[in-house]
There are 2 protein chains.
Amino acid sequence: MKDTKKRAGSHDVARLAGVSRSAVSRAFTPGAYIADETRERVMAAAAMLDYQPNAIARSLSKNSSRLVGIIATDLENPFYSQLLVHMSTELQANGYAVLLMVSRSSHIDDYLSKLLQYQVDGVIVTAATLSSSMAVALQRSGRPVVLVNNYLRDGGVSSVSSDNYRGGRMVADLLVEAGRKRIAFISGEANTSSGRDRGLGLKDRLAELGMTIYAQESGEYRHAEAAEAARRLLSLSPRPDALFCANDVMAIAALMVARSEFGLRVPEDLSVVGFDDSDEATRQTFGLTTVDQHLDDMASKTVSLMLATISGDEKSVQHVVVPVSLVYRATH
Amino acid sequence: MKDTKKRAGSHDVARLAGVSRSAVSRAFTPGAYIADETRERVMAAAAMLDYQPNAIARSLSKNSSRLVGIIATDLENPFYSQLLVHMSTELQANGYAVLLMVSRSSHIDDYLSKLLQYQVDGVIVTAATLSSSMAVALQRSGRPVVLVNNYLRDGGVSSVSSDNYRGGRMVADLLVEAGRKRIAFISGEANTSSGRDRGLGLKDRLAELGMTIYAQESGEYRHAEAAEAARRLLSLSPRPDALFCANDVMAIAALMVARSEFGLRVPEDLSVVGFDDSDEATRQTFGLTTVDQHLDDMASKTVSLMLATISGDEKSVQHVVVPVSLVYRATH
DNA sequence: TCATAGCCTGCACACGTGTGCAGAGCCAAT
DNA sequence: ATTGGCTCTGCACACGTGTGCAGGCTATGA
């Protein structure tokens, strides 16, 4: 029975400092009307009891929790875990805390409603497709939402994503200039806007140059599936002389398969280009030519948009596009 | 002025259903004393207003937030991001939500106190060293804490970690049986218990076999630093014939350096052994021999311990050790 | 000495929910 | 008819904080 002590409340601090409970509240509220001398006395008492204001009660009273919900999918992919790190860091720096929901692609609705129960001030959804029923539920709840690296066709909710279409076009130019004739594409998950646009950019630019995509397989954004896709593509005859992968993870899988299973030299026999510029692409052994999505930029633009929407500075639905840039390394 | 509607409260539901507010609360409380017929009427009204109980208010009233704080470091390392995924999933399955704090190794105290302000029911700290001042602050706050993959010497707080010491010993046996004579060690960060114990296990077992660690360098658990360490070690003469790395990330870095910069054949010229059994180690190109930490087991034991401590079933400080096992692949 | 203005402070209510307690209604047994 | 017991409901208080409003105190000027 030693530390059965309850957590100290503002009432206890007030009594110890010889002031009212309101004074304690004001002492902890920046910019509130309170005499310096009083604040100091309150702070001293608070330190003595190691009092910390109860954020739950504060949230209830102020009708704002300073919580932002993040629904994260595919965290095994380093791209998304890094994105999470950057967004969290930035949110924390702005005085918000992160309520995390890890989702296996579906079930989003349940997680979302749980987030809403916790009165989050906003929700960031990464890489997952929002059911349209949930989109309207959110709209109605009035909570801001931002989709990252994905967007909805019918434009009801804000989004931030990189310029995937332009990235695809840039890769087309790069490969054609390198003299490639049979350009194959390993796509990501079918229902993601990001993967769709990357393929579309490639296809459109090739068409402008009088070419077409030589062959296409789905790699589901994952290593094993991409390796399978690469095996199928590289078994074609004539064999493709370039592989554009919608993902660095898949590009590295393809690279491994090309080198160790097909004995191909990269880039002499085959170009391989990825998308993301993940840490792994940097490794000397891979030296992967890829498209930089400017992850940090994407994260901070997402957070900025979220905060602006929460504060009411931004009332309209926004679709932010983050520019991409080619990273020339050794595989093209 | 269409959706200026405030979120519906239990009061609104009660009025619509023609019952008292208490009845609404009871309808949403499993096992509460309420007639089936009343519950149904309440639920119908709730659905009509799409009412969801306010978790913040509930937390305040029940003095329990059903939030668990997680302080995460080194999320770039796939091991830790996977750990986060598993723990979150399991917590969510048990009706808890996760309050995430991403930390750059230090500053932990600030994040921790923020978590406490949000009245989290418990805190899980991964891989970071807790300042002893914070350890006592936690102790005093009465909130359960579990350290994962790290522990404190002075045993004040519970922990879950794999049997790093035994893992080190197993690797020693493996390498000696493979006929290796000059076994070098690439260690992780100096102040982590995990890294320390892995090295200690190796050293102790080698000593029992009449051998010593041939050389040792720190790789800070990171790719670039480990590559540097590998370069230094492989430049020694005579050159080591085995590299035990405290981490898969570092083992793969060493593997790349050994093959592409020193032209060594693995395992003919050199053994490389890692620790974690990450997805990357699985890749055929690497085929890394490593120590499986049974990540999922670790995660679920952590969550179980946390939940047991929260519910009061477990009052004492526990140190759970998760068994490890060797994974024989192609690099030893 | 008195009036006035200005700075602070305390009162009291609000935020939305959980729950102990007393009592209402009903059924069955005596 | 009376009593006892059982099931359910509503009242009212509690959780810990923010904040509008009125009023107290001090200083200044007349």
Side-chain angles (χ1 to χ4, degrees), chain A residues 5-43 45-46 49-67 95 114 116-121 141-142, chain B residues 5-43 45-46 49-67 95 114 116-121 141-142:
Chain A
K5 296 280 207 170
K6 298 302 292 181
R7 216 177 143 71
S10 59
H11 185 72
D12 307 290
V13 177
R15 193 173 30 189
L16 178 57
V19 296
S20 86
R21 217 180 40 66
S22 319
V24 177
S25 172
R26 283 189 253 261
F28 280 88
T29 307
Y33 228 163
I34 190 174
D36 288 351
E37 195 261 351
T38 309
R39 187 202 314 279
E40 280 171 27
R41 211 167 57 229
V42 168
M43 286 311 195
L49 302 173
D50 51 36
Y51 164 80
Q52 301 271 103
N54 183 327
I56 293 284
R58 189 210 301 270
S59 304
L60 185 58
S61 172
K62 298 193 45 156
N63 240 328
S64 150
S65 59
R66 291 196 85 80
L67 286 175
K114 193 143 216 172
L116 291 178
Q117 288 184 30
Y118 274 100
Q119 313 296 110
V120 293
D121 289 346
S141 84
Chain B
K5 297 281 212 171
K6 298 302 294 180
R7 218 178 142 72
S10 60
H11 186 70
D12 308 289
V13 177
R15 192 173 30 189
L16 178 57
V19 296
S20 84
R21 218 181 39 70
S22 319
V24 178
S25 172
R26 282 189 254 261
F28 279 88
T29 308
Y33 226 164
I34 190 174
D36 287 350
E37 196 261 350
T38 310
R39 187 201 316 277
E40 282 171 28
R41 214 169 53 231
V42 169
M43 287 311 195
L49 303 174
D50 52 36
Y51 163 80
Q52 300 269 102
N54 183 325
I56 292 283
R58 189 209 299 270
S59 303
L60 184 59
S61 172
K62 300 193 40 157
N63 239 328
S64 150
S65 59
R66 290 196 86 79
L67 286 175
K114 193 145 217 170
L116 292 178
Q117 287 184 30
Y118 274 100
Q119 312 296 109
V120 293
D121 289 346
S141 84

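Small disclaimer: the values here were computed from a predicted structure and weren't measured. Only heavy atoms go into these numbers, but all of them, side chains included; no hydrogens, no water, no symmetry mates. Protein chains get the first letters and strands the later ones, always in sequence-line order, with residue 1 at the start of each.
End-to-end axis angle for the helix from C:dT1-D:dA30 to C:dT30-D:dA1, using five pairs per end and rounding to 10°, comes out at 60°.
Considering only residues two or more places apart in sequence or on other chains, A:D12 meets the side-chain hydrogen bond (donor to acceptor under 3.5 Å, both in side chains) condition with A:R15. For B:S22, the side chain to side chain contact (heavy atoms under 4.5 Å, CB included) partners two or more places apart in sequence, or in a different chain, are B:S20, B:R26. By the ring-ring contact (aromatic ring centres under 6.0 Å, His included) test, A:F28 is found to be paired with A:Y51, residues two or more places apart in sequence or in another chain being considered. Residues forming a side-chain hydrogen bond (donor to acceptor under 3.5 Å, both in side chains) with A:R21 (at least two apart in sequence, or on another chain): none. Remark: A:Q117 engages A:S113, B:Q52, B:A55 in a side chain to side chain contact (heavy atoms under 4.5 Å, CB included) (not counting sequence neighbours). Partners of A:R41 according to the side chain to side chain contact (heavy atoms under 4.5 Å, CB included) rule, which considers only residues two or more places apart in sequence or in another chain, are A:V19, A:E37. Taking the side-chain hydrogen bond (donor to acceptor under 3.5 Å, both in side chains) definition, one finds that A:D50 meets it with B:R140, sequence neighbours left out. Judged as a side chain to side chain contact (heavy atoms under 4.5 Å, CB included), and not counting sequence neighbours, the contacts of A:S65 are A:S59, A:L67, A:D121.
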- Task: Would you sort out whether A:Q119 and B:R7 count as a side chain to side chain contact (heavy atoms under 4.5 Å, CB included), showing the intermediate values?
- Result: CA-CA 10 Å; A:Q119 313 296 110; B:R7 218 178 142 72; 3.5 Å; yes
- Per-nucleotide protein contact along nucleotides 12-19 of chain D, 5' to 3', at a 4.0 Å heavy-atom cut-off (B base, S sugar-phosphate only, - neither), is B--BBBBB
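A donor-acceptor contact shorter than 3.5 Å is absent between the side chain of A:S61 and the backbone of A:A57.
Scanning residues 30-38 of chain B for heavy-atom distances under 4.0 Å to DNA chain D yields B:Y33, B:I34, B:A35, B:T38.
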